[in-house]
Amino acid sequence: SPTRQLAALLGLPPGDATHGVLHLLRLLEDAGLATRAGSGRGTLWSAASTLDLDAASRRTGALTRAQELAARICGERA
């Protein structure tokens, strides 16, 4: 779907590289969860054909953050 159409569906501004739906889509692309076809106003976005959530969690740092949080919670409980 085009960025503007996705933004309208979500009720968010289309934005640019630093905010809005375009920013979020680029983050998903960097994590390997979305693919982009075309450029400019003709850009179309779709879910990645191979959704590897484990790899995405490593790329975004979510796995490390979750491990740190779990260690902190366990440490506080001890």
Side-chain angles (χ1 to χ4, degrees):
S1 297
T3 306
R4 289 191 181 276
Q5 185 179 24
L6 292 171
L9 288 170
L10 296 170
L12 297 170
D16 59 24
T18 62
H19 76 283
V21 173
L22 182 58
H23 174 69
L24 297 173
L25 288 167
R26 286 186 173 180
L27 291 174
L28 289 172
E29 182 184 31
D30 289 345
L33 299 175
T35 57
R36 174 178 41 177
S39 62
R41 292 184 185 256
T43 302
L44 297 176
W45 296 92
S46 62
S49 58
T50 56
L51 292 177
D52 186 351
L53 296 178
D54 289 334
S57 70
R58 285 189 297 275
R59 276 188 222 126
T60 61
L63 177 63
T64 302
R65 176 70 180 122
Q67 290 170 333
E68 290 170 352
L69 185 59
R72 181 176 177 182
I73 291 169
C74 289
E76 289 175 356
R77 287 182 181 168

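Quick note: residue numbers are just sequence positions, from 1.
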(message) Who clusters with Leu63? Use side-chain heavy atoms, under 4.5 angstrom, across I, L, V, M, F, W and Y, and order the result by chain and number.
(response) none

(message) Applying side-chain hydrogen bond (donor to acceptor under 3.5 Å, both in side chains), can you list everything that pairs with Thr60, at least two apart in sequence or on another chain?
(response) none

Distance-only donor-acceptor hits, side chain of residues 21-34, under 3.5 Å, sequence neighbours excluded:
unit_1	atom_1	unit_2	atom_2	d
His23	ND1	Ala17	O	2.9
Glu29	OE1	Arg36	NH2	3.3
Glu29	OE2	Arg36	NE	3.4

Give every donor-acceptor pair under 3.5 Å between a side-chain atom in residues 64-78 and any protein atom, sequence neighbours left out.
unit_1	atom_1	unit_2	atom_2	d
Arg72	NE	Glu76	OE2	3.2

Using residues 1-15 as the side-chain source, report each donor-acceptor pair under 3.5 Å to any protein atom, sequence neighbours left out, with the distance given to one decimal.
unit_1	atom_1	unit_2	atom_2	d
Thr3	OG1	Trp45	NE1	2.9

(message) According to side-chain hydrogen bond (donor to acceptor under 3.5 Å, both in side chains), who are the partners of Ser39, at least two apart in sequence or on a separate chain?
(response) none

(request) May I have all residue pairs that pass salt bridge (Lys or Arg N to Asp or Glu O under 4.0 Å) and include part of residues 54-63, sequence neighbours excluded? (result) none

(request) Return the set of residues passing side-chain hydrogen bond (donor to acceptor under 3.5 Å, both in side chains) with Thr18 (not counting sequence neighbours), or none when no residue passes. (result) Asp16

